[in-house]
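Chain letters run A, B, ... following the sequence lines, proteins first, then strands; residues in each count from 1.
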Amino acid sequence: RKEVEQDPGPFNVPEGATVAFNCTYSNSASQSFFWYRQDCRKEPKLLMSVYSSGNEDGRFTAQLNRASQYISLLIRDSKLSDSATYLCVVNRDSNYQLIWGAGTKLIIKP
Amino acid sequence: GAGVSQTPSNKVTEKGKYVELRCDPISGHTALYWYRQSLGQGPEFLIYFQGTGAADDSGLPNDRFFAVRPEGSVSTLKIQRTERGDSAVYLCASSLSGGEGNTQYFGPGTRLTVL
């Protein structure tokens, strides 16, 4: 079993719709959680950190469920420019080492 | 300010050759990381530097891979006797320190192709 698992997609979503991704992780000692966005043939860029209480940044909302060991990302009012691969990232054993999911590909259609 | 830079952006080499990949982190960042990303996968951790020393090299796949950061800034990832399976995008990231939760900023990567 992979340490961080994501549905690879692709998710094909009409512009303006709401879309949600989940990610599960296996290491219960993990303390830091992130969503990164990666455009085709580009480097990953931090989208948002995920806090225990959940957090929101504009159209993006991230949630953490420690009991079930999953993280979610919700995108509201999706834009064409949201098309990308979204990578779920978890640190290993409370340290700097980041463990990455394989990513979920999102395609927003006009 | 300037972000993380990596050179070359693309490198094509033949099986068995030696390659060096360079990373220039964000100025003032003490922590530097190398990752490898294969098609359709997330980045895979290779090595972490705190200052000049390799604090964790547990992700290096074998002894053909080596990395240095002699002055605590620029780092070079060295691959000896390259194999076709080494083909991937090699990403470098830096963070202000190596502490938990420190945001890692990535460079554009070096796309290595071993023929």
Side-chain angles (χ1 to χ4, degrees), chain A residues 1-10 21 23-27 29-53 55 57 62 64 71 73 84-106, chain B residues 2-7 9-10 21 23-26 29-51 53-60 88-113:
Chain A
R1 183 189 171 191
K2 292 182 181 177
E3 287 190 71
V4 178
E5 295 205 65
Q6 298 182 249
D7 182 337
F21 313 131
C23 157
T24 58
Y25 63 95
S26 61
N27 189 339
S30 297
Q31 297 292 328
S32 299
F33 309 90
F34 310 91
W35 284 102
Y36 274 74
R37 172 198 167 122
Q38 188 170 27
D39 293 291
C40 188
R41 299 178 78 88
K42 299 286 188 182
E43 73 272 24
K45 293 186 177 176
L46 180 66
L47 179 65
M48 58 198 304
S49 301
V50 186
Y51 302 119
S52 297
S53 55
N55 49 301
D57 182 2
L64 168 63
I71 307 152
L73 177 68
T85 295
Y86 291 83
L87 295 151
C88 173
V89 190
V90 173
N91 76 332
R92 175 179 280 164
D93 297 335
S94 304
N95 68 16
Y96 53 83
Q97 194 177 126
L98 299 182
I99 307 302
W100 299 70
T104 296
K105 186 169 184 177
L106 174 65
Chain B
V4 179
S5 62
Q6 292 186 245
T7 54
S9 55
N10 282 282
L21 312 178
C23 171
D24 205 333
I26 293 171
H29 281 194
T30 62
L32 185 146
Y33 315 79
W34 282 99
Y35 293 85
R36 175 168 72 173
Q37 187 172 24
S38 300
L39 194 63
Q41 301 298 318
E44 170 194 15
F45 170 81
L46 296 178
I47 187 169
Y48 155 57
F49 286 91
Q50 183 57 258
D56 184 348
D57 64 359
S58 62
L60 294 177
V89 176
Y90 289 80
L91 294 161
C92 175
S94 70
S95 65
L96 196 56
S97 71
E100 180 187 322
N102 262 257
T103 299
Q104 296 184 21
Y105 297 90
F106 284 79
T110 294
R111 185 172 298 275
L112 175 66
T113 303

Heavy-atom contact with chain B under 4.5 Å, split by part of A/Y36
side chain
Only counting residues at least two apart or in another chain, list the ones meeting salt bridge (Lys or Arg N to Asp or Glu O under 4.0 Å) with A/D39.
A/R37
If I measure from the heavy atoms of chain A, does B/S38 come under 4.5 Å with its side chain, its backbone, both, or neither?
neither
Of the listed residues (A/K105, A/R41, A/Q6), which shares the most heavy-atom pairs with chain B below a 4.5 Å separation?
A/R41
May I ask you to name which of A/P8, A/C88, A/P44 has the most heavy-atom pairs under 4.5 Å with chain B?
A/P44
Any idea which of B/P108, B/P43, B/G42 has the most non-hydrogen atom pairs under 4.5 angstrom with chain A?
B/P43
Do A/Q38 and B/Q37 have a side chain donor and acceptor closer than 3.5 Å?
yes
Heavy-atom closest pair (A/L98 atom, B/F45 atom, distance to 0.1 Å) is O-CB, 4.4 Å
Please, which pairs that meet salt bridge (charged side-chain N to carboxylate O under 4.0 Å, His left out) have at least one residue in residues 29-49 of chain B, sequence neighbours excluded?
B/R36-B/E44
Taking the six-membered ring for Trp, is the centroid-to-centroid distance between B/Y33 and A/W100 below 6.0 Å?
no
What's the spacing between A/E43 CD and B/Q6 CD if we round to 0.5 Å?
8.5 Å
Atom pair NZ (A/K45) and CZ (B/F106), whose distance is rounded to the nearest 0.5 Å
12.5 Å
Counting only heavy atoms from other residues, nucleotides and ligands, does the tally under 6.0 Å from OH of B/Y105 exceed 12?
no
